[in-house]
Amino acid sequence: DGGITQSPKYLFRKEGQNVTLSCEQNLNHDAMYWYRQDPGQGLRLIYYSQIVNDFQKGDIAEGYSVSREKKESFPLTVTSAQKNPTAFYLCASSSGTAEAFFGQGTRLTVV
Amino acid sequence: AQSVTQPDIHITVSEGASLELRCNYSYGATPYLFWYVQSPGQGLQLLLKYFSGDTLVQGIKGFEAEFKRSQSSFNLRKPSVHWSDAAEYFCAVGGANFGNEKLTFGTGTRLTIIP
C-alpha cells in the first residue's frame, strides 16, 4: 500500500538531547513537509522540500533541522536549541496539483 | 500573505442534525482549497478539495463544501451528522502549484456530537 510512514509514534526526549523523527513515503511525491501541531494553533510549517538535496525553512524552523538525501525520506531533527519541543509532529507529501497526504504523526514529549 | 480563518473553535451538534463549519481565506490569486479531518492522535485525512469549476464540491463521508469567491469563503456542510463525525476539522489554502509551495492551515474546529 502506498502511503507515508512516520516513526516512532511516541518519542521522549531529555533536556539538551537531539532527537530525530523519521518520515518515509512510497508515493513517488516530489514535495515533503514537516508540520508542528499544538492545541488550538492548527498546523505550523517547520520545513519543506521540493526536491532531493534542497529544502526551505517554514514559519517556525528555529531549533529544527532536516535533510533530503533521498526522494522517499525527509527526517526531522529536533535539536537542543528548540526550547519547547513537546508537540505532535506531522509529515506530509504532495506532487504537482495533487492534495497533501499525511502520516499518522509522532508525539514528542520532553521528560 | 495567505491565511485561513476558522472562526469557530468548538461546535456541538446533535446526532442527525445538519452541520456547517466556516472557513474564510485570504489569497492573492486563485486559491486551491481543502478540508481535512483529524481524529485524536491521528494524521489528517482529506475530505474534499476545490481547484476550479463547479463551486459546490462533494467529498467523502457525505460532506460537501461551497466556494464563494465574493465572500472568500469555503464552508463545509453535512445534512445529517453521525456520532463518528466527531473530530477536528481543518481548512487549508494553497496555490496553483501547491505541490511546490506551502499549504496554509486554519486553527481547526473541534466537532462534538451529542445523542
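Numbers restart at 1 for each chain; the letters A, B, ... are given by sequence-line order, proteins then strands. Every heavy atom of this structure was used, including side-chain atoms; hydrogens, water molecules and symmetry mates were not.
Chain B is approached within less than 4.5 Å, heavy atom to heavy atom, by A/Phe102, A/Gly103, A/Gln104 from residues 102-111 of chain A, ordered by number.
One hydrophobic cluster, built from ILVMFWY side chains closer than 4.5 Å, holds both B/Leu33 and B/Ile60. Put simply, A/Phe74 and A/Val52 are part of two different groups of oily side chains (I, L, V, M, F, W, Y) that touch within less than 4.5 Å, one to the next.
For the pair B/Tyr36 (side chain) and A/Ala100 (backbone), a donor-acceptor distance under 3.5 Å is present.
The CG atom of B/Leu47 sits 11.5 Å away from the CD atom of A/Glu99 when rounded to the nearest 0.5 Å. Note: A/Tyr35 OH to B/Leu103 CG = 4.5 Å, rounded to the nearest 0.5 Å.
The greatest number of non-hydrogen atom pairs below 4.5 Å with chain A, out of B/Val4, B/Ile9, B/Leu46, B/Thr104, is found for B/Leu46.
Between A/Gln37 and B/Phe90, some side-chain heavy-atom pair lies under the 4.5 Å cut-off. B/Gln45 has its side chain out of reach of A/Phe101: every pair of non-hydrogen atoms, C-beta onward, lies at least 4.5 Å apart.
Around CG of B/Leu56, the count of heavy atoms belonging to other residues, nucleotides or ligands within 6.0 Å exceeds 12. The number of heavy-atom neighbours closer than 6.0 Å to CZ of B/Arg110, taken from other residues, nucleotides and ligands shown, is 12 or below. A 6.0 Å sphere centred on NZ of A/Lys14 holds no more than 12 heavy atoms belonging to other residues, nucleotides or ligands.
Heavy-atom distances place no part of B/Gln6 under 4.5 Å from chain A, backbone and side chain included. Heavy atoms of A/Gln56 lying under 4.5 Å from chain B are absent altogether. Using a 4.5 Å cut-off between heavy atoms, A/Leu43 contacts chain B through both its backbone and its side chain.
When all heavy atoms of A/Leu90 and B/Gln42 are compared, the closest pair comes out as CD2-O, 4.4 Å.
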